[in-house]
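Values below: every heavy atom of this structure, side chains too, minus hydrogens, waters and symmetry copies.
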Amino acid sequence: MYPLKFKPILKERLWGGTKLKEVLGKPIESDITGESWELSTVKGDVSIIANGDLQGTSLQDLIDDHSEALLGKSVVDRFGTDFPILIKFIDAKQDLSIQLHPNDKLAKERHNSFGKTEMWYIMDADPKAELIVGFNRSVTKKEYAESVENDTLLDLLNYEQVKEGDTFFINTGKIHAIGAGVMLAEIQQTSDVTYRVFDFNRKDKEGNLRELHTELALDAVDYEKKDDFKISYSKELNTVETMVDCPYFKTNFIELTKDVVLNTKERDSFTIYMCVGGKALVKTAEGEAHIKKGETVLLPAMTDKIELISTGAKLLEVTI
């Protein structure tokens, strides 16, 4: 199995825009495309291979037929033949809804699903663009519920101005939202369980308010003010620098000014590269793939050595 590229799964969103086409070159026609799902086995949205002899094969079919070779034995032992993460690029022309995600325990009890831990890497941000991450002070459940009822929730939230390269870790329970003018790469557990708690009273194209999950959220919110979300990481050139290492995924940052060879014989996990700047050639003994900003490639766990050939790429390397 050679380095695999996939057809993007494009999603129209009420808050979406055109940067995925204008900046990343995605094949979109809509003016409200908010997400490009790069790697997914979510039911109804399974990624399809776009290159090489396996072109047209679904990621799920490949996993079912070659689970350990593709995912790694340790990954199969934990997750079976479920691909454990979901990879996206997101363009927010407008503010996203205020939301949070339940932990594994709640998600399993309520939705028979995993929870949703995620991280964001900011790829582009308009001047003064912001994220909402957590509260600006610790609050009680009663205070929170009253603020939702009284339409004053925004007064309790923490706002963070962002720029290219900023990285955020969003653990379960943390209230959050992507602000207008932000384009980012998102790495998350495979789960689409989201509790929307405020949506700026917007209506969809049919004139309906979107569903809120007010009651479900009450037992899922982390009400404490925490400053654990912005990630500091080294940007030393031509080295693998850890950004996030959590139970659900590990993400490293690699900025290349020369070719780099990585020994992955002992990794026992697939490897994903999201290109967030420049372009690179990714080579293994089984084949190669060119990627540029806004493209993603999946390398199977059976890969022993990876060559990254570039003089200017910025890559997010994702493993389990």
Side-chain angles (χ1 to χ4, degrees), residues 13 15 19 23 34-38 85-103 115-138 154 156-198 220-235 241-255 272 274-277 294 296 314-319:
R13 298 292 189 239
W15 40 262
K19 283 185 180 178
V23 181
E35 301 184 8
S36 175
W37 290 22
E38 299 290 298
I85 54 177
L86 175 60
I87 300 288
K88 303 177 182 179
F89 294 113
I90 295 177
D91 168 31
K93 185 175 181 180
Q94 300 179 35
D95 296 328
L96 271 68
S97 60
I98 314 298
Q99 58 187 244
L100 61 127
H101 310 295
N103 60 30
K116 187 172 171 183
T117 297
E118 61 191 11
M119 67 164 284
W120 296 332
Y121 175 89
I122 308 301
M123 295 177 66
D124 184 78
D126 294 348
K128 297 185 179 180
E130 296 178 318
L131 304 177
I132 289 172
V133 192
F135 293 104
N136 55 35
R137 62 178 178 84
S138 294
L154 296 179
L156 299 178
L157 302 179
N158 175 58
Y159 296 81
E160 296 279 330
Q161 280 198 15
V162 295
K163 63 183 185 305
E164 189 271 331
D166 287 348
T167 300
F168 295 82
F169 181 67
I170 312 296
N171 49 341
T172 55
K174 191 176 297 299
I175 201 162
H176 62 275
I178 302 170
V182 175
M183 184 177 72
L184 55 78
E186 180 176 89
I187 298 149
Q188 59 159 92
Q189 287 176 270
T190 292
S191 170
D192 217 21
V193 180
T194 295
Y195 294 163
R196 187 184 301 121
V197 296
F198 182 68
V221 176
D222 182 350
Y223 295 103
E224 288 187 39
K225 179 185 185 300
K226 294 177 180 173
D227 297 319
D228 58 352
F229 45 81
K230 192 165 185 183
I231 303 300
S232 296
Y233 62 98
S234 172
K235 297 182 182 178
E241 301 291 349
T242 300
M243 306 170 94
V244 169
D245 189 355
C246 74
Y248 307 105
F249 53 81
K250 179 177 182 179
T251 302
N252 302 315
F253 180 77
I254 308 171
E255 184 169 359
I272 298 164
M274 302 183 77
C275 189
V276 293
T296 303
K314 295 179 181 179
L315 305 173
L316 304 183
E317 179 189 71
V318 186
T319 63

Any side-chain heavy-atom pair of [X] and [Y] under 4.5 Å:
X    : Y    : answer
E118 : H176 : yes
F253 : L316 : yes
F135 : S138 : no
Y233 : N252 : no
K174 : F168 : no
D228 : N171 : yes
Y121 : I231 : no
K116 : V193 : no

For [X] against [Y], the heavy-atom pair lying closest together:
X    : Y    : result
D91  : K19  : OD2-N, 3.0 Å
A177 : S97  : CB-O, 3.4 Å
A129 : V182 : CB-CG2, 3.8 Å
I175 : L100 : CA-CB, 4.1 Å
D222 : E224 : OD1-N, 3.1 Å
P102 : T172 : O-CG2, 3.3 Å

Going through the distances and angles, do E164 and K314 end up as a side-chain contact (heavy atoms from CB on, under 4.5 Å)?
CA-CA 12 Å; E164 189 271 331; K314 295 179 181 179; 3.7 Å; yes
How long is the straight-line distance from [atom2] of [Y] back to [atom1] of [X], given to the nearest 0.5 Å?
X    : Y    : atom1 : atom2 : value
L315 : T251 : CG    : OG1   : 12.5 Å
D95  : E130 : CG    : CD    : 8.5 Å
I187 : Y248 : CD1   : OH    : 16.0 Å
L96  : I132 : CG    : CD1   : 10.0 Å
K88  : T296 : NZ    : OG1   : 13.0 Å
I85  : T319 : CD1   : OG1   : 8.0 Å

Spell out, as yes or no, whether a donor-acceptor pair under 3.5 Å connects the side chain of [X] to the backbone of [Y].
X    : Y    : result
D245 : K250 : no
E160 : L131 : no
N158 : V133 : yes
N136 : L157 : yes

Salt-bridged, R13 to E35, with N to O below 4.0 Å?
yes
side-chain contact (heavy atoms from CB on, under 4.5 Å) for I90 and W15? Distances and angles first, verdict last.
CA-CA 10 Å; I90 295 177; W15 40 262; 3.8 Å; yes
What verdict does the side-chain contact (heavy atoms from CB on, under 4.5 Å) test give for H101 and Q99, after you've listed the backbone C-alpha separation in whole Å, the side-chain angles of each residue and the deciding distance to 0.1 Å?
CA-CA 7 Å; H101 310 295; Q99 58 187 244; 3.7 Å; yes
Determine, step by step, whether E38 and F89 satisfy the side-chain contact (heavy atoms from CB on, under 4.5 Å) criterion, reporting the C-alpha distance in whole Å, the side-chain angles of both residues, the deciding distance to 0.1 Å, and the verdict.
CA-CA 7 Å; E38 299 290 298; F89 294 113; 3.5 Å; yes
